[in-house]
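I have placed the structure first, in the form of structure tokens, so that the comments after it can refer back to it.
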Amino acid sequence: MKLETFFEKFDQFAAAPDAVARVRGLVLHLAFSGKLLPTAEPWPLKPLKSLAVKIGSGATPAGGRESYFTEGIPLIRSMNVHFAGFEPKGLVFLSDEQAKQLANVTVQPADVLLNITGASIGRVTTAPPEMAGARVNQHVAIIHPIKELDALFLAKFLASPAIQRMIDDIQVGATREALTKGMIEQFDIPLPPLAEQKRIVAKVDELMALCDRLDAQQQEREAQAGQLARASLARFADAPTPANLNLLFHSSFPISPSDLRKSILNLAVQGKLVPQNPNDEPAEALLRQSLAERRKLKRTDATEVQPLSADDGLGYDIPESWRWQRLDDLLVFGPTNGFSPKSVDYETPVRSLTLSATTSGRFKGEHSKFITTEVPSDSPLWLQDGDILVQRGNTIEYVGVAAVYRGQPNCFVYPDLMMKLRVSAVFDVGFIHLAMSHEACRDFLRARASGTSGSMPKINQTTLMSLPIPIPPLAEQRRIVAKVSELMALVDELETQLTASRAAAEKLLTVLVAELTESGVSPTYYHIFRKAL
């Protein structure tokens, strides 16, 4: 297959991760394996030491950045060296006296500049003509090639994926990565005839310009897709039907499944997912029933329900038929912490959950371990169907995550870093879980977590019980849960299709790259280039 055909097929694999970046790497691979242009003979390999008049790096003047000037002789630093070219932004200047001390690293036009330390190690470009006479600091190496080696050819070779991988493999340094002069001198450089080097550079520049256009087109498509996505999300918010949800997965503007799930959840807890029915039993009736049950269990001495005001809610509006209520006013059990005895590597009668069992917001019993502790059958540590588990300690990302246990009783106990609670049967536990999973609830708990810097963030029982929860009529709770389940199942299905589409694009890209690279590669560099791609 010709490289031109490969570019023609770009749209077929544009969805693959880093598609344009991989095309750039392929161009450089072909250039330096002798496949970009017809070559008359194999290229000799020579160590860079024999192909350079000078290889060296400079230093930072005494006083550091405080000693720099706003004019004078330029000092090139690693921030000025990029694969895309020389970046003058951030350039600093030296006095004549400072520059004199760095005279041995004076830049000449077209010198190759290579970053040799830190996070930007390996970035390489050539010095533009206006940098003639500049100096470099200790983080940048100057390579002045002999006349038989074109500086642009050398810079592009050093930027190729294979050489960048080699740099990653050989860099050293106890605290910072670094390339030494000795390492750079030992780089084996292919040396075609000078005229062929220049033709290769011209072809690489031509194809990289095409990659730039592809990149720009992708960015423009993504910007347009973002506008379409926002309009489609607004349409879905106005009419959250499966048909409108399906439109959100249009191939021209795919929206991330995580954003879709957040949008569905946001509509659900604001009463916008299903219509209100004035014939539904009001939310106040549920709260009175819950109060009676709580009084019977001696969880409260209150004689009246005390609903929250809108100002005590979570910052979003709810329908007039709904009420804000503290989580504690809904509970008939908990919250209580679990316990975490030492696990064993053999089967026992008791399985204790790990934190991973609920970090996704869904219960996953496979994330459990066996323990030897005997737990009486009537112990509150056992999970019962409908129990809600909340992570009281984890990273800030996961603290407060809730999941509902659905299953047989007395199959699992829960660890100390989780809290268990149970809501009154007058509420739909599925809806309560949805409300607790909304970002506003998560933010409420995260903001009140202790130990957010340093130690593991934790929330306590008091914080959890104070969580405001929106309460619709029971019938509406059930309609919302059913609609969310329907739409989330569709998101899962469409996500599977999207993943399959991206996998197909990735597979096509891999096949096309292999077709272009498998044959005719220089044996000396084959294993290096193949590993890098």
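Note that the structure is predicted; figures quoted are calculated from it, not measured. Worth knowing before you read on, the calculation uses all heavy atoms, side chains too, and leaves out hydrogens, waters and symmetry mates.
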Least distance between heavy atoms, [X] atom then [Y] atom:
| X | Y | answer |
| --- | --- | --- |
| S290 | L330 | OG-CA, 4.0 Å |
| V399 | P457 | CG2-O, 3.9 Å |
| S352 | P415 | OG-N, 4.3 Å |
| L464 | L327 | O-CD2, 3.5 Å |
| G400 | V390 | O-CG1, 3.8 Å |
| P319 | G271 | CG-CA, 3.9 Å |

Inset, instruction - Let me see the working for T354 and Y414 under side-chain hydrogen bond (donor to acceptor under 3.5 Å, both in side chains), right down to the final yes or no. - result: CA-CA 8 Å; T354 66; Y414 62 103; over 6 Å; no
Donor on one side chain, acceptor on other, [X] and [Y], under 3.5 Å:
| X | Y | result |
| --- | --- | --- |
| Q461 | N337 | yes |
| Q391 | T359 | no |
| S424 | E293 | yes |
| N115 | S78 | no |
| N266 | S263 | no |
| N410 | Q384 | yes |

Legend entry - Any residue meeting side-chain contact (heavy atoms from CB on, under 4.5 Å) with A489, in chain and number order, not counting sequence neighbours: none
Which value, rounded to the nearest 0.5 Å, describes the distance between [X] atom [atom1] and [Y] atom [atom2]?
| X | Y | atom1 | atom2 | value |
| --- | --- | --- | --- | --- |
| R448 | D443 | CZ | CG | 10.0 Å |
| F427 | I432 | CZ | CD1 | 6.5 Å |
| I469 | I471 | CD1 | CD1 | 6.5 Å |
| D329 | Q306 | CG | CD | 9.0 Å |
| I388 | T358 | CD1 | OG1 | 12.0 Å |
| S120 | H82 | OG | NE2 | 7.5 Å |

Quick check: does any side chain N or O of [X] sit under 3.5 Å from a backbone N or O of [Y], one acting as donor and the other as acceptor?
| X | Y | value |
| --- | --- | --- |
| Q270 | K272 | no |
| S466 | T463 | yes |
| S379 | V375 | no |
| H433 | A402 | yes |
| S356 | H367 | no |
| E281 | A475 | no |
| D280 | P282 | no |
| D416 | S340 | no |
| H438 | A440 | yes |

Electrostatic pair [X]-[Y], nearest N-O below 4.0 angstrom:
| X | Y | value |
| --- | --- | --- |
| R299 | D328 | yes |
| D312 | R326 | no |
| D492 | R261 | yes |
| D301 | R294 | no |
| D428 | R479 | no |
| D168 | R165 | no |
| K262 | E439 | no |
| K483 | E486 | yes |

Side chains of [X] and [Y]: does their closest heavy-atom pair fall under 4.5 Å?
| X | Y | value |
| --- | --- | --- |
| V305 | Q325 | yes |
| L114 | V140 | no |
| M418 | R392 | no |
| L28 | I163 | no |
| S160 | H29 | no |
| R24 | F83 | no |
| K420 | F333 | yes |
| K369 | R351 | no |

Legend entry - CD/E366: more than 12 non-hydrogen atoms of other groups inside 6.0 Å: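 Count over threshold, so yes.
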Inset, instruction - Take Y316 and W324 through the ring pair (Phe, Tyr, Trp, His ring centres under 6.0 Å) test and state the conclusion after the steps. - result: CA-CA 11 Å; Y316 57 84; W324 284 107; 5.2 Å; yes
Inset, instruction - Measure from NZ or CZ of R406 to the centre of the six-membered ring of F363, then state whether that distance is under 6.0 Å and the direction lies within 45° of the axis. - result: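 Negative - R406 is either too far from the ring of F363 or too far off its axis.
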Inset, instruction - Please confirm whether R442 makes a cation-pi placement over F444, using NZ or CZ under 6.0 Å from the six-membered ring centre and within 45° of the ring normal. - result: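 Here R442 fails the 6.0 Å and 45° test against F444.
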Inset, instruction - Evaluate side-chain contact (heavy atoms from CB on, under 4.5 Å) for I264 paired with V484, printing each intermediate quantity in order. - result: CA-CA 7 Å; I264 291 170; V484 169; 4.3 Å; yes
Inset, instruction - Give the C-alpha distance, both sets of side-chain angles, the deciding distance and a yes or no for side-chain contact (heavy atoms from CB on, under 4.5 Å) between W322 and D317. - result: CA-CA 10 Å; W322 292 28; D317 295 329; over 6 Å; no
Legend entry - Stepwise side-chain contact (heavy atoms from CB on, under 4.5 Å) check, L434 with V481: CA-CA 8 Å; L434 290 177; V481 170; 4.2 Å; yes
Inset, instruction - Give the C-alpha distance, both sets of side-chain angles, the deciding distance and a yes or no for side-chain contact (heavy atoms from CB on, under 4.5 Å) between I459 and M419. - result: CA-CA 10 Å; I459 55 174; M419 289 183 278; 4.0 Å; yes
